[in-house]
Each structure stands twice: as structure tokens, then as C-alpha cells.
Amino acid sequence: RKEVEQDPGPFNVPEGATVAFNCTYSNSASQSFFWYRQDCRKEPKLLMSVYSSGNEDGRFTAQLNRASQYISLLIRDSKLSDSATYLCVGIIQGAQKLVFGQGTRLTINP
Amino acid sequence: DGGITQSPKYLFRKEGQNVTLSCEQNLNHDAMYWYRQDPGQGLRLIYYSQIVNDFQKGDIAEGYSVSREKKESFPLTVTSAQKNPTAFYLCASRLAGGYTGELFFGEGSRLTVL
């Protein structure tokens, strides 16, 4: 089983919709998680960190559920510019190794 | 401006040739990473280094080699032993240790084997 897993999608949603996707992790010792955004043929860039208490940044909300070992990303009022691949990242093995999920591709349609 | 510089951006190689991808950072980060990305796939860890003169294998280290002689530099060599080297290679760095800290990426190097 992969250490970090995501539904690769693609997710196709209309502009203005709310979309959510999850990322599961297998190592219960994983301590920290992040969501990265990657545009086509570009490098990933940090979208937001994920905290146990949940955190919100504008239209984006991230949640961590340690009991069920998953993290989630919710995008409200989606924009065309939100179209990208979203990667979840977990830090494991004594904070040395960062493991990426395979990414979830999101397309917002006008 | 601080950041990570990868070169070259595009590289073509004949089968059987070794190639070295450069990664330089001026962020004063201790930890550096190399990832490989195939089309439609996520990032897979090749090698990482937490400190000068030390590095660890990631999940797909076979056919690759690295060195960490200077804090700011972490070059990756793709050897002829790598059976399917055509991919997008990403170098990243972050402050070492702890469970926080953003991973900063270079713009990537696209390697194509002819």
C-alpha cells in the first residue's frame, strides 16, 4: 500500500461549485501534512499546511482526521483559475522524508 | 532573490549516456530532495539529503546517484542503468528537521532519452 494515496480524478465541476477531495495515509506516525498545487508542466507550489484543528484560507479549507488517517481539501465557490492538480504531502520517518500522493486533477468548467 | 535553480530545463540524451542535472539553492536550507514525475503521475522520491556529505535513498534510487559536497548544491546523475529515464525531474529544499517547513521547488528539468 502506498504511504500517501489520492483519488487521481479527474474531477470536472462547474464554476462556482464546491469540491472536496481526500488523501489517505498509511503511516500513523505521519506528523504533518500539506496541500500543494501544480499547474500543467510547472513545479508544485504550497497551497496550505494542514493542522489537526483544521484551517481555512479564503475559499480553501483543509482538515486532518487522525482517527481515520485522512486529510481533506475543500474548495468553495470554485474559479476557473482553480483548475490544476492538487498534491497532498505527508512528513514521515522522523521528519526527514516527504511523501507525495499521486495528485488529484481538477478542472473547473465555465 | 532567494530560490532554487535547476539546469538545464530541457535535456536530450542518447541511450547509454550518463547525464547530470544541476540543483543550486541560496535559501540556506539544510535539506534537499530530488523527485521524479511521470506524465499524469505524482512525485516519487529519488534521493534526499539532510546535511552536507550525507544523503539517503528514496523510493526509486536505482539508476541514479547524487552528491552533497556543498550545502547549496545537490546534483543528480541519471546513469545508463536507469531503464526508463525520460521524465520531469524536480529538485526541492526545506529547513531540516521538524514537521513544519515549506518545500521549495526549482522549475524542473525535462529529460528525454532518444
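The sequence lines fix the lettering, A, B, ..., with proteins before strands; numbering per chain opens at 1.
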Please assess B:Leu103 against A:Phe34 for the test side chain to side chain contact (heavy atoms under 4.5 Å, CB included), listing each intermediate value before the final yes or no.
CA-CA 10 Å; B:Leu103 197 61; A:Phe34 305 87; over 6 Å; no

Under the side chain to side chain contact (heavy atoms under 4.5 Å, CB included) rule, what do A:Leu98 and B:Arg94 come out as? Steps first, then yes or no, please.
CA-CA 10 Å; A:Leu98 277 75; B:Arg94 66 189 285 265; 3.8 Å; yes

Looking only at heavy atoms, the pair that brings B:Glu107 and A:Glu43 closest together is CA-OE1, 3.8 Å

Output the distance between atom OH (A:Tyr36) and atom CD (B:Glu102), rounded to the nearest 0.5 Å.
5.0 Å

For B:Leu43, is it the side chain, the backbone, both or neither that has a heavy atom under 4.5 Å from a heavy atom of chain A?
both

Would you kindly confirm whether A:Val13 and A:Leu74 end up in one hydrophobic cluster when ILVMFWY residues are joined by side chain heavy atoms under 4.5 Å apart?
no

Interface moiety of A:Gln6 toward chain B, non-hydrogen atoms closer than 4.5 Å
neither

Measure B:Arg44 against the heavy atoms of chain A and call it side chain, backbone, both or neither at under 4.5 Å.
neither

Give, as side chain, backbone, both or neither, the part of A:Arg41 having an atom under 4.5 angstrom from any heavy atom of chain B.
both

Same cluster (ILVMFWY, side-chain, under 4.5 Å), A:Tyr25 and A:Met48:
yes

Residue selection (most heavy-atom pairs with chain B, distance under 4.5 Å) from A:Gly103, A:Pro8, A:Pro44:
A:Pro44

Side chain, backbone, both or neither: which part of B:Gln6 has an atom under 4.5 Å from a heavy atom of chain A?
neither

May I ask you to test the A:Lys42-B:Phe105 pair for a side-chain heavy-atom distance under 4.5 Å?
no

Using side-chain heavy atoms (C-beta onward) and a distance below 4.5 Å, is B:Leu45 in contact with A:Val99?
no

